[in-house]
Number of protein chains: 2
Amino acid sequence: MKRVTIGDVAVHAGVSTATVSRVLNGGLVAESTAAKVWASAESLGYSPNALTKSIFAGRSSTIGVIIRDLSSPFYLDLIRGVDEVAAANDSPVMLANTYRRTDREAAQVRAMDQHRVRGLITTADETADDHARRMAENGTPCVIVARTAPGLHSVSLDDVAAGRLMAAHLTDCGRSRVGVVSGSHRPTQVKRVEGLRQGLAESGLPQPQEVLVENEDEVDAAVGSLLHRVDAVVCTTGRLTAAVHAALTARDLKMPDDVGFLTVDDFPWASTLGISVVAQPSYEMGRRAAELVVEEPTAPERIVFQPSLIARGSCG
Amino acid sequence: MKRVTIGDVAVHAGVSTATVSRVLNGGLVAESTAAKVWASAESLGYSPNALTKSIFAGRSSTIGVIIRDLSSPFYLDLIRGVDEVAAANDSPVMLANTYRRTDREAAQVRAMDQHRVRGLITTADETADDHARRMAENGTPCVIVARTAPGLHSVSLDDVAAGRLMAAHLTDCGRSRVGVVSGSHRPTQVKRVEGLRQGLAESGLPQPQEVLVENEDEVDAAVGSLLHRVDAVVCTTGRLTAAVHAALTARDLKMPDDVGFLTVDDFPWASTLGISVVAQPSYEMGRRAAELVVEEPTAPERIVFQPSLIARGSCG
DNA sequence: TCCGTTGATGTAACTAGTTACATGCAACTA
DNA sequence: TAGTTGCATGTAACTAGTTACATCAACGGA
């Protein structure tokens, strides 16, 4: 049960712990000594304690990631990007899922700080920014995803452009009476709707009808309240795509013939279902976020990605 | 840049580090002293180093999870279960995604060991078992997911039962010529096909045609080779569901009229698409796996879950 | 007044490593 | 042969905490 320590290896090989440490980390050691040490380590089944290494280094090699919702394809792809870069840098990833419980986020950030993560990538909202900034002051690069934050790195989408892209596509498809289902008061949502408004206005089309929905089970009623006035339904959050889609099909509305449908964030079944989306380069965004952690730029960087339209016919 | 340590707090409060430690961890301290210490800690922005705590405890509070494929709904739900239990026990989760690169798995297990995780939950295959067993001997509970392993805890599905469940449903729907697409030689896959064979045999139906597919891009051809001989296609891995479904729709085959379709692992869009599945209680499995880590049973436990059928009409 | 008890706090050893510095020894030079 | 150089290695201090044990003052009872 007792763990094998560097001291045990040292005794077994008949050298000091300093020598063992040097062998393991590639210091200046005679070849014959190194061989003895490796043999001892092997035969004792020695596994160096990464925690101890970290405390000496003042910081662990782990990258912390706090995600609001792992079940979202956007975040999933984002993590894939983070993972890729982390793996290339021999950094394990510590993942915390808040399941949209905003009140847990500050605690998660604090936990990551206490674990002395090498850097933090988070989708937490403003409440946790103070703590993140304190971490940044202590030399832990913190990257905010999906929004910008003063004094912190950020990787986000040009949400206004996303909204305009939606407007442009709807215009192209000849839709004129647009209904929007948006997910919350978060800046992402607000800006996407804003972009949509701008785009429609510039095309000389009427402003969209908007419903704001907190929860998935409110979606059906919300969509119902829109339908008699619109010829296209837009959803500004990937999280509600399924619910909005279900609300439309439940009313036996065919897309694009009976109603146009456009949403954000690409997902695996979208092509099968023929759903058009405005997609974020989520994988790339994850990579970039992790790169910021690894590169530790001194000044806060704001990286903004451009959305792209994937037309699949659900708008006509 | 230099981190505030317990020593800094001690000096600021005019006490010893031992007293600060006692205040923070609830030892015997005078109320007036405690107040002073809290005030100092607060004003210096002290954040205790979790790594140092762990090294003294001999082990960290983190639970390690190694997952083959985060994009699979099964694993995603599993993690949700793990997360839930971990959060309830104040354990952060360290997640490693191997992206089906089996050769990386042993290294991941080793990394988790070096980080002295409190316990390990892994979907790695047999190659990494030796190392996991060594960890278990050192007192780190290791839980293997989706298969059993001698000397280790495991949480798995009764895969034979899953196969039989499929056979039963196909029989009920009047299908008699079954084609199977299975994903690999992994025990899970083999047992599911075995169960399917048993079930069909017991119903007096002919044995299924089987194709084994490693990669998603082989699916279309594989399905094509089955189609002229079968009236139902079964897929034994959730990973290939989309590809098999696409291969069928690409041939303009309607389910269930032209061909029956049955797969494993429930997923968000399955109900919209009307796809019947044999589901695993993935969330529960994740919870149970994490509970094994927390409870540290002395003898290896094998927990087997039962699958359930969710009929949505894709078989008739 | 003396002794024993109790509560609050400090001292120092401990966790498992790393690393600056000191030392020892052999080979080479003068 | 003495002095210098250089490599290999050990000693001990360091990382940031925890905790067993020692200390000490205040108090109560004899």
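Chain letters run A, B, ... following the sequence lines, proteins first and then strands; every chain starts at 1.
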>> Please encode protein proximity along nucleotides 16-28 of chain D as a string of B, S and -, counting only heavy-atom distances under 4.0 Å.
In response: BBBB---------

> Checking salt bridge (Lys or Arg N to Asp or Glu O under 4.0 Å) for the pair B:Arg110/B:Asp113: CA distance, chi angles, key distance, verdict?
Replying inline: CA-CA 5 Å; B:Arg110 212 170 308 125; B:Asp113 187 21; over 6 Å; no

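When all heavy atoms of A:Trp38 and A:Val23 are compared, the pair lying nearest together is NE1-CG1, 3.6 Å. Of all non-hydrogen atoms in A:Tyr75 and A:Thr123, the two that sit nearest each other are CE2-CG2, 3.4 Å.
Rounding to the nearest 0.5 Å places CZ of B:Arg3 at 5.0 Å from OG1 of A:Thr140.
A salt bridge between A:Asp83 and A:Arg80 is absent, with no side-chain N of the basic residue lying under 4.0 Å from a carboxylate O of the acidic one. A salt bridge is defined here as a Lys NZ or Arg NE, NH1 or NH2 lying under 4.0 Å from an Asp or Glu carboxylate O, and A:Asp159 with A:Arg186 fails to meet this definition. Between A:Glu291 and A:Arg288 a salt bridge is recorded (basic side-chain N to carboxylate O distance below 4.0 Å).
Taking the screw axis at each terminus of the helix from C:dT1-D:dA30 to C:dA30-D:dT1 from five consecutive base pairs, the angle between the two is 70° to within rounding of 10 degrees.
For A:Val15, counting side-chain heavy atoms from C-beta on, the closest listed nucleotide (C:dT9, D:dA8, D:dG10) is D:dG10.
No option in B:Thr98, B:Asn97, B:Asp103 other than B:Asp103 meets the side chain to side chain donor-acceptor pair (under 3.5 Å) test with B:Arg101.
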